[in-house]
*Asks:* 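Starting off with a structure, shown below.
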Amino acid sequence: AQSVTQLDSQVPVFEEAPVELRCNYSSSVSVYLFWYVQYPNQGLQLLLKYLSGSTLVKGINGFEAEFNKSQTSFHLRKPSVHISDTAEYFCAVSEMGFQKLVFGTGTRLLVSP
Amino acid sequence: DTGVSQDPRHKITKRGQNVTFRCDPISEHNRLYWYRQTLGQGPEFLTYFQNEAQLEKSRLLSDRFSAERPKGSFSTLEIQRTEQGDSAMYLCASSSPGTHPWFGPGTRLLVL
């Protein structure tokens, strides 16, 4: 079985500052990794995914994440955040095949002017 | 295609009533998933269909919950004898083999 830990429940940051949202996972098999974003009262939108290949993955809206197998981490980064990035961010893992995703508890990113 | 759609978007019901939610996946997607998200938590997997076959059910899906996908297109999730603990956002997602799930906007259920 897989599990995901997002240690930070909330991350406050000023506009134009860099941000890192942390994600660690646990699995006994090879996995796919994902970051989804959820704006208030909406569903989840995929930011980026790691399936194989390069460990640095670039996504939408200027976000990127790095897969680190030895540390079982998949941290999300953005060099300069905007007010519009305020949202809930979920890290997720699945076994290869996408049968189901296991999500972390989420990190609320609060961007202030 | 406009993406995954769910109906209704909001539902308020009294404890003990039955409710049914509908999900229309992206048309070319043969996989369909249901998740439940409670306040402050990440989505939790409930069940998954490939075409009309229900291939996996979480133990979260008690006997009061039933999901169907009769023609391999839209799906329904029914909750019988609702309880206050059923209050949550119910998310539907769909995918093709080898692609990630695309999520709908969700149905927010409030049980009074």
Side-chain angles (χ1 to χ4, degrees), chain A residues 1-10 21-27 31-53 57 59-60 65 74 76 87-110, chain B residues 2-10 21 23-26 29-51 53-61 67 88-110:
Chain A
Q2 298 88 41
S3 67
V4 175
T5 302
Q6 292 182 250
L7 288 171
D8 305 305
S9 60
Q10 189 165 291
L21 306 184
R22 296 181 294 168
C23 172
N24 287 87
Y25 70 94
S26 170
S27 177
V31 296
Y32 295 155
L33 293 156
F34 308 83
W35 277 98
Y36 281 84
V37 61
Q38 186 176 36
Y39 299 101
N41 298 315
Q42 294 187 25
L44 286 82
Q45 179 183 6
L46 182 73
L47 277 178
L48 47 79
K49 61 189 176 189
Y50 172 78
L51 305 182
S52 64
V57 180
I60 63 171
F74 191 54
L76 181 71
E88 190 89 20
Y89 291 79
F90 292 96
C91 182
V93 64
S94 80
E95 288 184 15
M96 293 184 171
F98 301 98
Q99 274 82 359
K100 67 181 180 184
L101 299 178
V102 175
F103 286 87
T105 51
T107 297
R108 183 173 298 277
L109 177 63
L110 295 169
Chain B
T2 55
V4 179
S5 61
Q6 293 187 244
D7 184 70
R9 294 290 309 276
H10 304 272
F21 309 141
C23 171
D24 287 273
I26 293 172
H29 288 178
N30 67 343
R31 292 183 176 180
L32 188 147
Y33 315 79
W34 286 98
Y35 288 80
R36 181 174 68 186
Q37 184 179 21
T38 53
L39 211 59
Q41 299 297 316
E44 297 172 294
F45 171 80
L46 291 179
T47 189
Y48 143 64
F49 291 85
Q50 182 156 307
N51 300 313
Q54 190 173 16
L55 297 186
E56 188 173 348
K57 291 168 58 173
S58 163
R59 62 179 181 271
L60 292 175
L61 212 65
M89 173 82 90
Y90 290 85
L91 294 163
C92 176
S94 68
S95 73
S96 296
T99 70
H100 67 274
W102 293 74
F103 282 82
T107 294
R108 185 171 296 279
L109 173 66
L110 178 61

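First the proteins, then the strands, lettered A, B, ... as listed; each starts at 1.
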*Asks:* Just wondering, are more than 12 heavy atoms of other shown residues or ligands nearer than 6.0 Å to CG in B/Leu39?
*Replies:*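 Incorrect, the count does not exceed 12.
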*Asks:* Considering all heavy atoms of both residues, which atom of A/Gly43 and which atom of B/Leu91 are nearest to each other, and what is their separation?
*Replies:* CA-CD2, 4.2 Å
*Asks:* Check the pair A/Lys100 / B/Tyr35 against side chain to side chain contact (heavy atoms under 4.5 Å, CB included), numbers first and verdict last.
*Replies:* CA-CA 10 Å; A/Lys100 67 181 180 184; B/Tyr35 288 80; 4.2 Å; yes
*Asks:* For the residue pair A/Leu101 and B/Pro101, what are the closest heavy atoms and their distance?
*Replies:*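 Of all heavy-atom pairs spanning A/Leu101 and B/Pro101, the closest is CD1-CG, 4.0 Å.
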*Asks:* By a 4.5 Å heavy-atom criterion (distance strictly below it), what part of A/Gln38 contacts chain B: side chain, backbone, both, or neither?
*Replies:*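 Interface part for A/Gln38: side chain.
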*Asks:* Looking only at heavy atoms, which two atoms of A/Phe34 and B/His100 are closest? And how far apart?
*Replies:* CE2-CB, 3.7 Å
*Asks:* If you count heavy-atom pairs under 4.5 Å with chain B, which of A/Leu46, A/Val4, A/Leu44 comes out on top?
*Replies:* A/Leu44
*Asks:* Identify the heavy atoms of B/Gln37 and A/Phe90 that sit nearest to each other, and give their distance.
*Replies:*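 In this case the closest contact between B/Gln37 and A/Phe90 is NE2-CZ, 3.3 Å.
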*Asks:* By a 4.5 Å heavy-atom criterion (distance strictly below it), what part of B/Glu56 contacts chain A: side chain, backbone, both, or neither?
*Replies:* side chain
